[in-house]
Amino acid sequence: MELEVKTLEGAAAGSITVSDEIFGLEPRTDLIHRVVRWQLAKRQAGTHKALQRSEISGTTKKFVRQKGTGGARHGNKKAPQFRGGGKAHGPVVRSHAHDLPKKIRALGLRHALSAKVKSEGLIIVDEAKATEAKTKALSARLDKLGFSNVLVIDGSEIDSNFRLAARNIPAFDVLPIEGINVFDILRREKLILTKAAVSALEERFK
C-alpha cells in the first residue's frame with residue numbers, strides 16, 4: 001500500500017510503501033473492543049473497600065434480654081442490619097485485570113491502525129521536530145493543518161523541543177513507538193505517524 005508523506009506544515013514530502021498486513025486489513029470491531037476492554041480493566045484501580053462484619057470494632061455482648069422484648073435474639077451489634085455494622089458482601093480491594101493473549105493484542109493494534117487508514121484519520125509525516133520548545137509556534141503549525149485532536153507517534157526517541165512544545169496543547173498526545181496502544185489511537189480523531197514510527201511498526205510485526 002502506498003501512502004502520502006507530508007511535513008508538519010502540510011507540504012508534500014513524497015510517499016512511502018507500507019505493509020498491507022498492518023495498514024490494509026478490514027477492521028474488526030470485535031478484536032478492537034476486546035483490546036480496549038483489556039486495557040481499561042488493567043488500569044482500573046480496584047481500591048474500593050467496605051468494612052466487613054469481622055473488621056468492625058464493637059462489642060459482642062448481648063444487648064437485649066433473651067425473652068420478653070418481642071425482638072430477635074441478637075448478640076452482636078456488628079451485624080449488617082444495625083447502624084454502624086459491617087457491610088454484607090461489600091466491595092474488596094482487588095485487581096480488575098484479566099488475561100488477553102499476546103496475539104490478540106497484536107492483532108487488535110493492527111486492526112486499529114487499519115481502521116484509521118480506512119477512515120482517513122492517518123497522516124504520515126517525515127519527522128516530528130521543533131526548532132524551539134514553544135507551544136505557540138507548534139500550535140500555529142497544527143492550525144494550518146486543521147488538527148485539533150491528535151495523537152503523534154514517533155520513533156524510540158522523541159525530539160525534546162517537540163515534546164515540551166506539545167504538552168500544553170489540549171487533546172494533543174505524543175508517544176514513542178513503544179507506547180503505541182489501541183485505546184489512545186481510538187480516542188483521538190487523527191493519528192500522526194513519523195516515518196521512523198512506521199519503520200519500527202513494520203519491524204515489530206515482521
Side-chain angles (χ1 to χ4, degrees), residues 1-29 31-32 34-36 38-39 42 100-135 137-139 141-167 169 171-206:
M1 178 187 292
E2 196 85 12
L3 294 177
E4 184 183 357
V5 180
K6 295 182 178 180
T7 66
L8 279 179
E9 286 74 25
S15 61
I16 187 173
T17 302
V18 297
S19 171
D20 287 338
E21 295 297 317
I22 303 173
F23 297 95
L25 300 174
E26 186 63 32
R28 281 183 53 184
T29 55
L31 284 174
I32 296 172
R34 284 181 68 183
V35 178
V36 170
W38 170 78
Q39 276 189 250
K42 190 176 180 183
L100 189 66
K102 189 180 287 186
K103 286 185 177 180
I104 299 296
R105 285 181 260 158
L107 195 58
L109 178 57
R110 285 157 56 190
H111 277 267
L113 291 167
S114 297
K116 279 295 179 188
V117 174
K118 189 170 184 181
S119 65
E120 298 182 349
L122 175 67
I123 297 98
I124 296 179
V125 297
D126 54 350
E127 59 182 9
K129 292 185 178 179
T131 54
E132 54 182 354
K134 295 290 185 182
T135 300
L138 180 58
S139 185
R141 293 168 72 186
L142 295 172
D143 287 342
K144 290 180 182 177
L145 296 171
F147 295 158
S148 59
N149 196 303
V150 184
L151 169 65
V152 177
I153 304 291
D154 202 352
S156 297
E157 294 292 329
I158 298 174
D159 180 63
S160 59
N161 284 341
F162 187 85
R163 178 177 53 81
L164 291 171
R167 65 182 182 178
I169 301 177
F172 190 92
D173 299 327
V174 181
L175 291 174
I177 189 63
E178 291 82 7
I180 191 170
N181 65 88
V182 175
F183 178 70
D184 281 329
I185 288 173
L186 297 182
R187 71 193 286 258
R188 297 298 179 210
E189 291 176 5
K190 298 290 183 181
L191 171 64
I192 297 178
L193 294 177
T194 64
K195 290 170 75 173
V198 173
S199 298
L201 277 172
E202 294 194 335
E203 185 67 29
R204 176 174 170 178
F205 289 117
K206 187 180 290 182

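Source: prediction; values computed, not measured.
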Listed by chain and number, what are the salt bridge (Lys or Arg N to Asp or Glu O under 4.0 Å) partners of Glu203, not counting sequence neighbours?
Lys206

Is Lys116 close to Leu151 at the side-chain level, that is, under 4.5 Å between some pair of heavy atoms?
no

Report the distance from atom OG of Ser199 to atom CD1 of Ile16, rounding to the nearest 0.5 Å.
5.5 Å

Take Phe172 and Thr135 through the test side-chain contact (heavy atoms from CB on, under 4.5 Å) and record every step on the way to the result.
CA-CA 11 Å; Phe172 190 92; Thr135 300; over 6 Å; no

Under 3.5 Å, sequence neighbours excluded: what are the donor-acceptor pairs made by side chains of residues 100-108?
unit_1: Arg105; atom_1: NE; unit_2: Leu100; atom_2: O; d: 3.0
unit_1: Arg105; atom_1: NH2; unit_2: Leu100; atom_2: O; d: 3.2

Do Glu2 and Thr17 have a side chain donor and acceptor closer than 3.5 Å?
yes

When Ile158 is tested against each of Ile153, Leu164, Val174 for side chain to side chain contact (heavy atoms under 4.5 Å, CB included), which residue passes?
Val174

Looking at Ser119 and Ala115, would you say the former's side chain and the latter's main chain have a donor-acceptor pair under 3.5 Å?
yes

Quick one, Leu201 and Ile180 - any side-chain contact, counting heavy atoms below 4.5 Å?
yes

So, do Val150 and Arg188 sit near enough that their side-chain heavy atoms are less than 4.5 Å apart?
no

Using a 3.5 Å distance criterion without hydrogens, assess whether the side chain of His111 forms a donor-acceptor pair with backbone atoms of Ile32.
no

Give a yes or no on whether the backbone of Thr194 and the side-chain of Asp154 come within a donor-acceptor separation of less than 3.5 Å.
no

Whether over 12 other heavy atoms sit under 6.0 Å from Glu157 CD:
no

Worked check of side-chain contact (heavy atoms from CB on, under 4.5 Å) between Glu127 and Asp159
CA-CA 9 Å; Glu127 59 182 9; Asp159 180 63; over 6 Å; no

Starting at NZ of Lys129, measure out to OG of Ser160 and round the result to the nearest 0.5 Å.
10.5 Å

Tightest non-hydrogen contact, residues Thr7 and Ala13, listed as CG2-CB, 4.0 Å

So, Lys118 side chain and Leu113 main chain: donor-acceptor pair closer than 3.5 Å or not?
no

Minimum heavy-atom separation for Glu21 to Arg110, with atom names?
O-NE, 3.0 Å

For the residue pair Val152 and Val125, establish whether any side-chain heavy-atom pair is separated by less than 4.5 Å.
no

Does the side chain of Leu122 come within less than 4.5 Å of Leu3's, by heavy atoms?
yes

Tell me whether Arg141 is salt-bridged to Glu9, with the criterion being a basic N under 4.0 Å from an acidic carboxylate O.
yes

Kindly indicate whether the side chain of Leu138, heavy atoms from C-beta on, has any atom under 4.5 Å from the side chain of Asn161.
no

Side chain Glu202, main chain Ser19, donor-acceptor under 3.5 Å:
yes

Shortest non-hydrogen contact from Ala112 to Val182?
CB-CG1, 4.0 Å

Atom of Pro176, atom of Ser156 and distance for their closest heavy-atom approach
CB-O, 4.0 Å

Testing the basics here: between Gln39 and Phe183, what is the closest heavy-atom pair and its distance to 0.1 Å?
OE1-N, 3.1 Å

Is a side-chain donor or acceptor of Ser114 paired with a backbone partner of Ile22 at a separation under 3.5 angstrom?
yes

Looking at side-chain heavy atoms only, is the closest gap between Leu193 and Phe23 below 4.5 Å?
yes

Salt-bridge test for Arg187 and Asp173: reply yes if a basic N is under 4.0 Å from a carboxylate O, no otherwise.
yes

With the side chain counted from C-beta on, respond yes when Leu109 and Arg204 share a heavy-atom pair under 4.5 Å apart, and no when they do not.
yes

